[in-house]
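Below you'll find the structure, written out as structure tokens, and then a few comments.
Worth saying up front: this structure is predicted, and the values here are computed from it rather than measured. FYI, side chains are in, hydrogens and waters are out, and symmetry mates aren't considered; it's all heavy atoms of this structure. We name chains A, B, ... by the order of the sequence lines, and we start the count at 1 in each one.
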Protein chains: 2
Amino acid sequence: MAGKWSVQILVAAAQGPIRFTELERGIEGISRRMLTLTLRNLERDGLVTRTVHATVPPKVEYELTPVALELHQTLQRLTDWAENNRVYIAEARATYDAEHQPELLDA
Amino acid sequence: MAGKWSVQILVAAAQGPIRFTELERGIEGISRRMLTLTLRNLERDGLVTRTVHATVPPKVEYELTPVALELHQTLQRLTDWAENNRVYIAEARATYDAEHQPELLDA
DNA sequence: CCGGATCCAATCTGATACTG
DNA sequence: CAGTATCAGATTGGATCCGG
């Protein structure tokens, strides 16, 4: 599971330790289930550490490991590329779709 | 569809125009169907061009666009990161699994 | 507050067989 | 050579309910 949410978690946690609920609020559209699952996978791969504070109410913080911080940096370039070429790709898609679906007009 | 095969196609086509069958042979485990589908998506997004040569037998060449070549370069860094940290991740996984599944020994 | 468990729908993929 | 069509199976994701 490379996971469609992993990248966003890496970005959200890049600035330092962050709580479960903060992640949930910070990542648009993620469900609790997917947040938990993705965090577990990242933890399993040694990319995040999970720290449970025995307080009331409970408090769990996630923090990126050094390896994950490196990954975050290289991902940043990908994000930049995506941002720089968003319009180009959107236009390419529109053109392609216009040329390959005109049959629908026959109806 | 970011597509699990897209990256490998980008790598295989990075050196210049390449034919359908060459791609099929060069990418381990890909089916004809997935190769076709992934190429169509890349073409739709303006990342590859498709050139049909009207010869016998047919010859179709795929070539990366400039935008895709940029993408290939940034992906290269990701690949490097993955290679550098493969062992670290494998060990983290083994450790994690050992600590979270010992209940199975009760049987 | 944090997260596990279950159910269910959508999506993705491979195998196979058939064409210009 | 370079695809397309169809079908079945695996993955993935959201909704929901329950527990420490």
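For B/Ala94, there are no side chain to side chain contact (heavy atoms under 4.5 Å, CB included) partners two or more places apart in sequence or in a different chain. Applying the side chain to side chain contact (heavy atoms under 4.5 Å, CB included) rule to B/Val52 yields the partners B/Arg50, B/Val60; only residues at least two apart in sequence or on another chain are considered. Every residue was checked against the side-chain hydrogen bond (donor to acceptor under 3.5 Å, both in side chains) condition with A/Arg19, not counting sequence neighbours, and none meets it. With sequence neighbours excluded, no residue forms a side-chain hydrogen bond (donor to acceptor under 3.5 Å, both in side chains) with A/Arg33. Residues satisfying the salt bridge (Lys or Arg N to Asp or Glu O under 4.0 Å) test with A/Glu91, not counting sequence neighbours, are none. Under the side chain to side chain contact (heavy atoms under 4.5 Å, CB included) criterion, B/Thr49 pairs with B/Glu63, B/Thr65, sequence neighbours left out. Partners of B/Glu61 by side-chain hydrogen bond (donor to acceptor under 3.5 Å, both in side chains), not counting sequence neighbours, listed by chain and number: B/His53. Taking the side-chain hydrogen bond (donor to acceptor under 3.5 Å, both in side chains) definition, one finds that B/Arg40 meets it with nothing, sequence neighbours left out.
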Are there any protein N/O atoms within less than 3.5 Å of an N/O atom in nucleotides 5-7 of chain D, and if so, which ones and at what distance?
residue: D/dT6; atom: O4; partner: B/Arg33; partner atom: NH1; Å: 3.3

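Of all the residues in residues 49-62 of chain A, A/Arg50, A/Pro57, A/Pro58, A/Val60, A/Tyr62 reach under 4.0 Å from DNA chain C with at least one non-hydrogen atom. A heavy atom closer than 4.0 Å to some atom of DNA chain D occurs in B/Arg19, B/Phe20, B/Thr21, these being the qualifying members of residues 14-31 of chain B.
Not a single donor-acceptor pair under 3.5 Å links the side chain of A/Tyr62 to the backbone N or O of A/Ile9.
Considering only side-chain N and O atoms, B/Lys4 lies nowhere under 4.0 angstrom from the phosphate OP1 or OP2 of D/dA10.
Atom-to-atom, CG of A/Leu39 to C1' of C/dC1 comes out at 14 Å; the value is rounded to the nearest Å. Put simply, CD1 on B/Ile9 is 14 Å from P on D/dA2, counting in whole angstrom units. At whole-Å resolution of the value, CG in B/Leu35 and P in C/dT16 are 18 Å apart. Between the CZ atom of A/Arg32 and the C1' atom of D/dG14 there is a distance of 13 Å, rounded to whole Å. The distance from atom CG of B/Leu37 to atom C1' of D/dT4 is 10 Å, rounded to the nearest whole Å. Atom CG in A/Asn41 sits about 11 Å away from atom P in C/dG4, given to the nearest Å.
Of the candidate nucleotides C/dT13, C/dG3, D/dG3, C/dT13 has the atom nearest to the side chain of B/Met34.
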List the atom pairs, with distances to 0.1 Å, where a side-chain N or O of residues 76-85 of chain A and a protein N or O form a donor-acceptor pair under 3.5 Å, not counting sequence neighbours.
residue: A/Gln76; atom: NE2; partner: A/Asp80; partner atom: OD1; Å: 3.2
residue: A/Thr79; atom: OG1; partner: A/Leu75; partner atom: O; Å: 3.1
residue: A/Trp81; atom: NE1; partner: A/Asn85; partner atom: OD1; Å: 3.2
residue: A/Trp81; atom: NE1; partner: B/Val67; partner atom: O; Å: 3.3
residue: A/Glu83; atom: OE1; partner: A/Arg86; partner atom: NH1; Å: 3.2
residue: A/Asn84; atom: ND2; partner: A/Asp80; partner atom: O; Å: 3.3

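Here the side chains of A/Asp97 and B/Arg44 are in contact, with some heavy-atom distance below 4.5 Å.
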